[in-house]
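Structure record follows, encoded as structure tokens.
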Amino acid sequence: MSDAAAAQGRGPRRRGFMLILSSPSGAGKTTLTRMLLQTKALDLTLSISVTTRPRRSSEVDGIHYSFVTRRQFEAMRDSGDLLEWAEVHGNCYGTPREPVEKVLADGRDVLFDIDYQGAQQVRQKAGADVVTIFILPPSMRELRARLERRAEDPPDVIARRLENARNEISRWTQYDYVLVNRDLNETFNELRAIVSSERSRAARSREAIGAIVEELLSQP
Ligand code: 5GP
């Protein structure tokens with residue numbers, strides 16, 4: 001079945017799953033996320049996080065993040081509106097619960113660009129409906145070069161992100177899949193293959209497959 005057929009429900013109807021991508025800053029995750037979302041046939045919906053981090057000039061409020069004050073963030077967190085949250089590089093980030101639940105209830109899949117702390121919390125809450133992927137950079141030198149090329153953060157922020165990268169990289173063992181991003185197109189193809197296989201997992205469509213099998217077995 002093609003990506004499109006699976007996404008449009010021409011395969012057995014199934015529960016949506018949560019696809020979590022994590023990596024240290026600069027490993028290519030943002031570009032890969034964009035490539036996945038631009039592939040309409042995959043029909044992935046991005047979970048838009050809330051953050052207290054200042055907006056970068058290239059970012060649009062409500063598209064890349066919802067930018068909030070610390071007070072607003074704490075109010076959301078304290079009233080249980082966040083599926084998960086974490087402090088990353090000195091700022092707070094969190095996933096609003098309601099939009100995710102709506103997409104999943106519709107049988108569609110949600111893509112998350114969140115860190116290892118968030119991945120752990122979502123895994124604890126949603127278990128089998130979560131697929132986690134960690135993207136590694138090919139080398140620390142390349143990671144530094146990508147952060148500097150991006151030139152969107154001041155030098156002290158870049159230095160802090162590089163420092164944190166070592167801790168983040170050491171979390172790879174908690175992920176279902178680990179990809180080394182040597183070549184964007186290759187990594188993208190690997191990601192597509194993972195999405196495709198995960199969509200075919202029998203456990204996600206047990207009821208629908210049961211009905212198909214019943215129909216098959218009723219035939220002479
Ligand atoms: P950035 O500031 O570069 O956009 O993101 C910094 C880090 O925060 C990235 O590793 C990103 O995956 C993570 N992040 C973004 N949104 C969330 C979120 O809602 N929850 C968690 N736990 N991490 C997030």
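Both counts, for ligands and for their atoms, begin at 1 and track the order of listing.
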Exercise. Run through Thr132, Ile135, Leu136 and flag the one making a side-chain contact (heavy atoms from CB on, under 4.5 Å) with Val178.
Key: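 The side-chain contact (heavy atoms from CB on, under 4.5 Å) with Val178 is passed solely by Leu136 among Thr132, Ile135, Leu136.
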Exercise. Dump the intermediate steps for ring pair (Phe, Tyr, Trp, His ring centres under 6.0 Å) on Phe134 and Tyr116, then the final yes or no.
Key: CA-CA 9 Å; Phe134 196 79; Tyr116 67 90; 8.5 Å; no
Which atom pairs, one a donor and one an acceptor, fall under 3.5 Å between side chains of residues 208-220 and the rest of the protein, sequence neighbours left out?
residue, atom, partner, partner atom, Å
Glu215, OE2, Gln219, NE2, 3.1
Ser218, OG, Glu215, O, 2.7

Exercise. State the CZ-CZ distance between Arg55 and Arg53, to the nearest 0.5 angstrom.
Key: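 Rounded to the nearest 0.5 Å, the CZ-CZ separation comes out at 10.0 Å.
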Exercise. With a 4.0 angstrom cut-off on heavy atoms, strictly below it, pick out the residues next to ligand 1 and order them by chain and number.
Key: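 Residues near ligand 1: Ser23, Lys29, Ser49, Arg53, Arg56, Tyr65, Glu84, Ala86, Val88, His89, Tyr93, Gly94, Thr95, Asp113, Ile114, Asp115, Gly118, Arg161.
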Practice problem: For the pair Arg149 and Glu142, find out whether any cationic side-chain nitrogen is under 4.0 Å from an anionic carboxylate oxygen. | Solution: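 Salt bridge: yes.
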Quiz prompt | Donor-acceptor pair between Asn167 and Arg171 side chains, under 3.5 angstrom | solution =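 There is such a pair (donor and acceptor under 3.5 Å, judged by atom type) between the side chains of Asn167 and Arg171.
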